[in-house]
There are 2 protein chains.
Amino acid sequence: MRESAQAGRDAEAVSKFVESFAAQLVEAGMQRMAARVFAALLSSDKGVLTSAELSEQLQISPAAVSGAVRYLAQTHMVSREREPGSRRERYRVHGDQWYEALTNREAVIKRWEGALREGVNSLGPDTPAGRRMAETLAFFEFIEGEIAAMMERWRAHRERTFGQG
Amino acid sequence: MRESAQAGRDAEAVSKFVESFAAQLVEAGMQRMAARVFAALLSSDKGVLTSAELSEQLQISPAAVSGAVRYLAQTHMVSREREPGSRRERYRVHGDQWYEALTNREAVIKRWEGALREGVNSLGPDTPAGRRMAETLAFFEFIEGEIAAMMERWRAHRERTFGQG
DNA sequence: CGCTTCTTTCAGAAATTTGTGAAGTTAAGG
DNA sequence: CCTTAACTTCACAAATTTCTGAAAGAAGCG
């Protein structure tokens, strides 16, 4: 018994959480494998797992892990690290930072703004549709600044509540 | 010439905007047809189009319009209305309200919170993973309140900038 | 009430996406 | 350098999703 690296933890409870949280992420638009890998990391003891551990725990191929991790790293939800002097890679969820990545939709917002700006120009700023788009554009520009301020307040709030843990 | 309901507007410019904005929405996770229908409404003169108009402008079947509109109505991005005394339905984008729907991820956030709460309980609030999830949970709870306040500020800002439009 | 017009539902064809095995690539360690 | 352990890429099979035509379902109007 208890021969796994996760000795002492209820494997079934972990798996249940992983699958249910992953399902929510999928529903919100995340790729399935990425969601499962991420949930597994989030519920792991140290917040770090190797490719092999993920592959075994989730019953997926190394190729699937590779694809999922690439996505998660690109979106800054996990970071990859090498154990020094080893070919083994480890993937880490940054605890207090991953959810900041969630709100960092800056790139997405920028592209929306771009498309809207083009729309305003090509339809004309004085047309009803142009005005509608201009207002939407203003909304996104407003939001962009607000989010930064909001995250600043969160960090302060977090400090108070959890310490610098 | 100019026999369409959109007389006086550059159909090609409209189409170009529709497709490029829709592409951004798709990339952010929206269904393709829903994205196209929504973009068409956003760039329409009055912010209102009938099912037939959408079907023709986007070159899609009535069935596709039906599916797209159902999704958009569910997510409060458009509303449906009946022309009084007609079987014809009209779909409207609410100008200043659709993007509020975008930020109204309340249902999504609630479900995430539910999954996280369960995770904290089943893994134990005193385990490292439990603490990590509790912090994430606190983040979402914080965000929920902040977003409401942010939208309040936006409405004030909008009033100043655009009048009550 | 029945006719007509518009919308929705449904089954299926087509296209897309997903995850795998296998080959390819990189780098540690003898 | 050569071997070996790991990760990545690629082509393909399977599963899923998407969109359509056709038929069924509402609702106005005579």
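Per chain, numbering begins at 1; letters A, B, ... match sequence-line order.
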Outermost DNA chain D nucleotides near chain B [under 4.0 Å, heavy atoms]
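Listing 5' to 3', DNA chain D meets chain B from D:dC19 to D:dC29.
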Hey, are [X] and [Y] close enough for a salt bridge, meaning a charged N less than 4.0 Å from a carboxylate O?
{"X": "A:K110", "Y": "A:E141", "result": "no"}
{"X": "A:R117", "Y": "A:E113", "result": "yes"}
{"X": "A:E152", "Y": "A:R155", "result": "yes"}

CZ of B:R90 versus C1' of C:dC6: gap in Å, rounded?
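Going from B:R90 (CZ) to C:dC6 (C1'), I get 15 Å.
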For nucleotides 9-30 of chain C, give me one character per nucleotide, 5' to 3': B if any protein heavy atom sits under 4.0 Å from the base, S if the only such contacts are to the sugar-phosphate, - if neither.
B---------SBB------SS-
Which word best sums up how the rings of B:W154 and B:H157 line up, parallel for under 30°, tilted for 30 to 60°, or perpendicular for over 60°?
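Aromatic pair B:W154/B:H157 classed tilted.
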Hey, can you tell me if A:Y99 and B:F139 have their rings parallel, tilted or perpendicular (30° and 60° cut-offs)?
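Correct class here is parallel.
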Reckon A:R80 touches a base, only the sugar-phosphate, or nothing at all at heavy-atom distances under 4.0 Å?
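If one applies the 4.0 Å heavy-atom cut-off, A:R80 turns out to touch the sugar-phosphate alone, with no base involved.
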For residues B:Y91 and B:E81, is any side-chain donor paired with an opposing acceptor at under 3.5 Å?
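B:Y91 vs B:E81: no donor-acceptor pair found between side chains.
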Return each pair, listed once, that meets salt bridge (charged side-chain N to carboxylate O under 4.0 Å, His left out) where at least one residue sits in residues 30-40 of chain B; pairs must be two or more places apart or across chains.
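For residues 30-40 of chain B, and leaving out neighbouring residues, the salt bridge (charged side-chain N to carboxylate O under 4.0 Å, His left out) pairs sorted by first residue read B:E19-B:R36.
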Taking C-beta and beyond as the side chain, do B:L49 and B:R90 meet within less than 4.5 Å on heavy atoms?
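Of all side-chain heavy-atom pairs linking B:R90 with B:L49, none is under 4.5 Å.
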